[in-house]
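Okay, structure first, notes after.
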Number of protein chains: 2
Amino acid sequence: MQVAETRKEQIYSVSSKLFREKGYSATSMRSLAEQIGIEAASIYSHISSKEQILNDICFSMADAFFAAVRQAIVENENVADKLRAMMTAHIYVIINNIDKAAVFFHDWRHLSEEAKSKFTSLRAEYEYIYRKVISEGKEQGIFKQLNEKFVTLTLFSTLNWTYEWYKPGITQLNAEEMVSELTNIFFNGIVIN
Amino acid sequence: MQVAETRKEQIYSVSSKLFREKGYSATSMRSLAEQIGIEAASIYSHISSKEQILNDICFSMADAFFAAVRQAIVENENVADKLRAMMTAHIYVIINNIDKAAVFFHDWRHLSEEAKSKFTSLRAEYEYIYRKVISEGKEQGIFKQLNEKFVTLTLFSTLNWTYEWYKPGITQLNAEEMVSELTNIFFNGIVIN
DNA sequence: CCTACCGATCGGTAGG
DNA sequence: CCTACCGATCGGTAGG
C-alpha cells in the first residue's frame, strides 16, 4: 500500500534519484523541478536551498544507521551474533533507501565545511562502535588476532559497496540470503583449509 | 628522482587531484587553470575539452588494470597464488595512481554515453577475468562452493575501497603488508573455528 | 505555485 | 599562452 507523498517528501525522493544518477553538482534545480512537474522557483517554498536537501539526505541516513546499529547491539549477547546483526541492519538501511544511500556515500563531499566536519565525526563514531565489537570478539577468542583497522576497513567496504550493485527485484537472492552470503565470506573466508 | 612534467602531464595530474577533491562537475576549467598558473583559455591548446581529460584518466586507468592483471596471471600457476597476485597488482595500480583511481571509481558516470558504455563493458570484461579464476579454484577444490557473484562483489569492494582511505606515508603498513592483511581476511575470514 | 528576473559562473572560441 | 568575449545555464529572490 503506497502512502501519498507530500510535495516535500517528493522533493527529497526525486532529488535522491537525480543526485544518485548525475551527482549533486551536476543536478540542477531546474531539472529537479521538471521531474516534479513544477517551476524551479516553486521548489523554494518547500526547502531553503539545494544544499539543505543534501544536508537532510546525509544526516537522515546517518540517523538511520545509528538507530539500526543500536538496536542490533541491544538485541544480541554473543559477539559473533551481534556483529552479524549489525551487518544485517546496516545492509537493510542501505537497500531500503538505495538512492539516498548512494548520495550518502558519494556526495557528502559537497556539504558545507561545517556540515562536512560534523558528518565525518559521526562516521568516525559509527565506525568506532564496530571496532569495539571486533575488539571484544578478539578478547573473547572468537575473532582472530588481525589488524583491527583492516578488519574494519574490509568490513565497511563490503557493506558499503552494496549500494553500487544492489537492485531491488533484479538480484536473485533476497536481502536475507544476500546478507548471509556476505557475512559468511567475511567470517570464514573463501579458502578451504 | 623527479622527472619534470610537461604541461600536458601537469594538466592531467592537477585535474585528477581537483576531480578527486571536488568531483568532475564541480571542478571548473578556471580553477584548474588557476592551480596550474595559466589562463583558462590556455588549457585548450593542450587538450580539446574538459571531457577529454576525464576520458583519458578513466581509460588510462583501465589500461593499467588490464596490464597488471595479465602479468599476474602469466606469472603464476597455482590458483590461490594467482588470485593473490592479481589482488596485489590491482591494489598497486590504485595506490600508485591514487587520485586518478578515485576519479576512475567516482566520475566515470560523467563520461559521454558512448564512452560510458565502452567503460562499463571493459569493466565487465575485467571482472570476468577474476570470476574465471575463482571458478577455477572452486573446480580444483581450493575455494569453497560459494556464490560466485558475491565472492567477486566482496573481492572488488574490498580492493576498490582502498582509494578511499589509503594515504601514502600515513598508513603505517607498507603496500605489501597491507595487501597481505586484506588477502588474509578475504581468504580465511576473521572467525576462529 | 507562477512570472519575471538577478548576478555569477560555466565551457569554450576567435584572433593574435 | 593571453585578452576579450560568447551564449548558456546556474542557484536563488521579489512580488504576487
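Note on naming: letters A, B, ... go to the chains in the order of the sequence lines (proteins, then strands), and numbering restarts at 1 for each one.
- With a 6.0 Å radius and a threshold of 12 heavy atoms from other residues, nucleotides or ligands, Gln52(A) has its CD atom above the threshold.
- Counting to the nearest Å, the P atom of dC2(D) and the OH atom of Tyr44(B) are 14 Å from each other.
- Atom CD1 of Ile38(A) is separated from atom P of dT3(C) by 12 Å (rounded to the nearest Å).
- Remark: P of dG15(C) and CD of Glu39(B) are 20 Å apart, rounded to the nearest angstrom.
- Atom CZ of Arg7(A) and atom P of dC2(C) are 8 Å apart (whole Å).
- Backbone-only engagement by Ser28(A) is indicated by non-hydrogen atom pairs under 4.0 Å involving sugar-phosphate atoms exclusively.
- Between the CE atom of Met29(B) and the P atom of dC6(D) there is a distance of 21 Å, given to the nearest Å.
- When the P atom of dG12(D) is taken as reference, atom CD1 of Ile43(A) falls 10 Å away, rounded to whole Å.
- Nearest nucleotide to the side chain of Arg30(B), out of dC10(C), dC5(C), dC1(C): dC10(C).
- Separating the OH atom in Tyr12(A) from the CD1 atom in Ile47(A) is a distance of 7.0 Å, to the nearest 0.5 Å.
- Checked against dA14(D), dG11(C), dT3(D), the side chain of Ala41(B) finds its nearest nucleotide in dT3(D).
- Under the 30°/60° scheme for interplanar angles, the aromatic rings of Phe105(A) and Trp161(B) are found to stand perpendicular.
- For the pair Ile36(B) CD1 and dC2(D) P, the interatomic distance rounds to 11 Å; values are reported in whole Å.
- Heavy atoms of Thr27(A) sit under 4.0 angstrom from primed sugar atoms or phosphate atoms, though from no base atom.
- In this pair, Tyr130(A) and His90(A) present their aromatic rings perpendicular. The plane angle is above 60°, beyond the 30 to 60° band.
- Residue contacts for Ser31(A): at a heavy-atom cut-off of 4.0 Å it reaches no nucleic acid atom on any strand shown.
- Protein atom NZ of Lys50(A) is 15 Å distant from nucleotide atom P of dT9(D), rounded to whole Å.
- Base-pair partner of dG16(D): dC1(C) (Watson-Crick or G-U wobble, both distances under 3.5 Å).
- Within a 6.0 Å radius of CD in Gln140(A), other residues, nucleotides and ligands contribute more than 12 heavy atoms.
- For dC1(C), neither phosphate oxygen OP1 nor OP2 lies less than 4.0 angstrom from any side-chain nitrogen or oxygen of Ser45(A).
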